[in-house]
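Take a look at the structure set out below.
Each residue takes its place number in the sequence, starting with 1.
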Amino acid sequence: MKPQTAAHVAGELRARDRDRYLATLVIPEPQRHAVTALYAFNADIASVPERAREPAAGEIRLQWWADALTGKGHGNVRQNPLADALLAAIEDYGLPVPALTRLLGARRFDLYHDPMPDTPTFEGYAGETVSALYQLGAMILNAGRPVEPGDAAGHLGVAHALIGHLRAFGHNARQGRIFLPMDVFAICGLRPEDVLSGQPDERLTVALTRLAEMAARHLGEAARAIGALAPALRPAFASIAVLRAQLARLDLDHPYDLASDIPDWRKIAALTWWRLRQGG
């Protein structure tokens, strides 16, 4: 990857997904560039709903990426620095394109306002959109050789998605969106209009607490699975250090307020300390 392309892609990731950018800093070079390209691709498609004025425009952007991945893109796709970097990572490490096209397919859910129906559907969505990134990142750190970090990627992906949407709950509610599984809210006696009301409710706090406990369980399972991996693969899962801190800071009694976050220097310290403890 050309130095100017790598710098551009890193800048894109830093601007759109700072937490994942910081997590790449503990990954050794040259694998860092490929993981950064993978994460920047994800950040680009994750931001499509915010940038597209209507679902049709978002569908066009996702289809552009699908065509680029499968070689059906029109014109010189590789003039796009992000596409060039991602395709180079695919070529260099033999990354499976179907995993990335499934990620695109799952992200189509983000374009519409249907509530997330239930926990199994949420876990499937998290698997395609977040666990897949951990799986592919581990493959890059394994020099493109097949690797089976399934439990680590699976559990951490679900935990990551839960914590991310718990932190973004208020923002999504103001947009009329329910990304967390509706069955958990329904068990607590809440309807979609109650979840989106913007009004504090003890039932809502109970539902969100259950989801936070679910995230904590998945983090625990992920930590055990990561510990069983070869040390060289573990940096792909460094985000667990930041996710733990973010989960601990959740204010579930005021879910519609903007979630507070820890400063970058503390995130970097947590990532560095975690990496050192993993034998890095």
Side-chain angles (χ1 to χ4, degrees), residues 16-20 22-23 42-43 46-47 49-50 106-107 109-110 113-131 133-134 153-223 237-264 266-267 270:
R16 290 181 174 172
D17 190 341
R18 195 164 184 84
D19 285 357
R20 280 195 174 94
L22 294 176
N42 176 71
S47 67
E50 298 287 344
R107 281 291 183 184
F109 174 85
D110 301 2
H113 279 61
D114 299 326
M116 182 66 68
D118 50 46
T119 301
T121 303
F122 180 88
E123 290 176 343
Y125 171 87
E128 300 286 7
T129 58
V130 189
S131 298
L133 295 176
Y134 286 120
H155 285 297
L156 192 55
V158 174
H160 195 151
L162 282 168
I163 294 166
H165 285 301
L166 283 165
R167 296 186 68 247
F169 177 80
H171 171 77
N172 288 330
R174 286 189 290 275
Q175 302 296 318
R177 304 298 311 273
I178 301 176
F179 277 100
L180 291 163
M182 191 61 217
D183 60 345
V184 177
F185 296 115
I187 289 171
C188 296
L190 295 163
R191 301 164 297 174
E193 54 266 36
D194 300 322
V195 178
L196 300 174
S197 69
Q199 300 300 316
D201 188 315
E202 288 185 3
R203 298 171 300 168
L204 180 60
T205 298
V206 171
L208 295 175
T209 298
R210 289 187 177 188
L211 290 164
E213 291 170 348
M214 186 188 305
R217 289 194 298 272
H218 279 289
L219 280 181
E221 293 294 333
F237 304 93
S239 291
I240 191 172
V242 173
L243 292 169
R244 283 171 173 161
Q246 289 176 331
L247 178 62
R249 288 180 71 94
L250 286 175
D251 182 1
L252 302 179
D253 291 322
H254 302 90
Y256 296 106
D257 293 348
L258 179 66
S260 64
D261 202 359
I262 57 178
D264 282 355
R266 286 190 58 191
K267 292 178 182 178

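- Leu180 is listed as a side-chain neighbour of Leu162, based on a closest heavy-atom distance under 4.5 Å.
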Problem set entry | Criterion side chain to side chain contact (heavy atoms under 4.5 Å, CB included) on Leu22 and Val242, from CA distance to verdict | CA-CA 10 Å; Leu22 294 176; Val242 173; over 6 Å; no
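- Under the salt bridge (Lys or Arg N to Asp or Glu O under 4.0 Å) rule, Asp261 has a single partner from Arg18, Arg167, Arg249, which is Arg167.
- No donor-acceptor pair closer than 3.5 Å links the side chain of Arg16 to the backbone N or O of Ala43.
- Counted within 6.0 Å of CD on Glu202, heavy atoms from surrounding residues, nucleotides or ligands total 12 or fewer; the atom is thus considered open.
- Looking at Asp110, its side chain never comes within 3.5 Å of a backbone N or O of Pro49 through a donor-acceptor pair.
- Minimum heavy-atom separation, Leu252 to Ala212: CD1-CB, 4.0 Å.
- To the nearest 0.5 angstrom, Leu196 atom CG is 7.0 Å from Phe169 atom CZ.
- To the nearest 0.5 Å, atoms CE (Met116) and CE (Met182) are separated by 12.5 Å.
- Residues Ala153 and Ser131 come closest through the heavy atom pair O-OG, 2.9 Å.
- Rounding to the nearest 0.5 angstrom, the gap separating the OG1 atom in Thr129 from the NE2 atom in His160 is 9.5 Å.
- Residue Leu258 qualifies as open at atom CG: its count of foreign heavy atoms under 6.0 Å is 12 or below.
- The CG atom of Asp251 lies 12.0 Å from the CG atom of Leu166; values are rounded to the nearest 0.5 Å.
- Of all heavy-atom pairs between Ser197 and Asp194, the closest is OG-O, 2.9 Å.
- In terms of heavy-atom proximity, Arg244 sits nearest to Ala223 at NH2-CB, 3.4 Å.
- In this structure, Phe179 and His165 have parallel ring planes: the angle between them is below the 30° cut-off, well short of the 60° mark.
- In plain terms, the two heavy atoms of Leu243 and Ile163 that are nearest each other are O-CD1, 3.8 Å.
- To the nearest 0.5 Å, atoms CZ (Arg203) and CG (Leu208) are separated by 12.5 Å.
- For the residue pair Leu204 and Pro255, the shortest heavy atom distance occurs at CD2-CG, 3.7 Å.
- With rounding to the nearest 0.5 Å, the separation of CG in Asp183 from OG1 in Thr119 is 3.5 Å.
- Taking the side chain as every heavy atom from C-beta outward, Tyr125 and Arg107 approach each other to under 4.5 Å.
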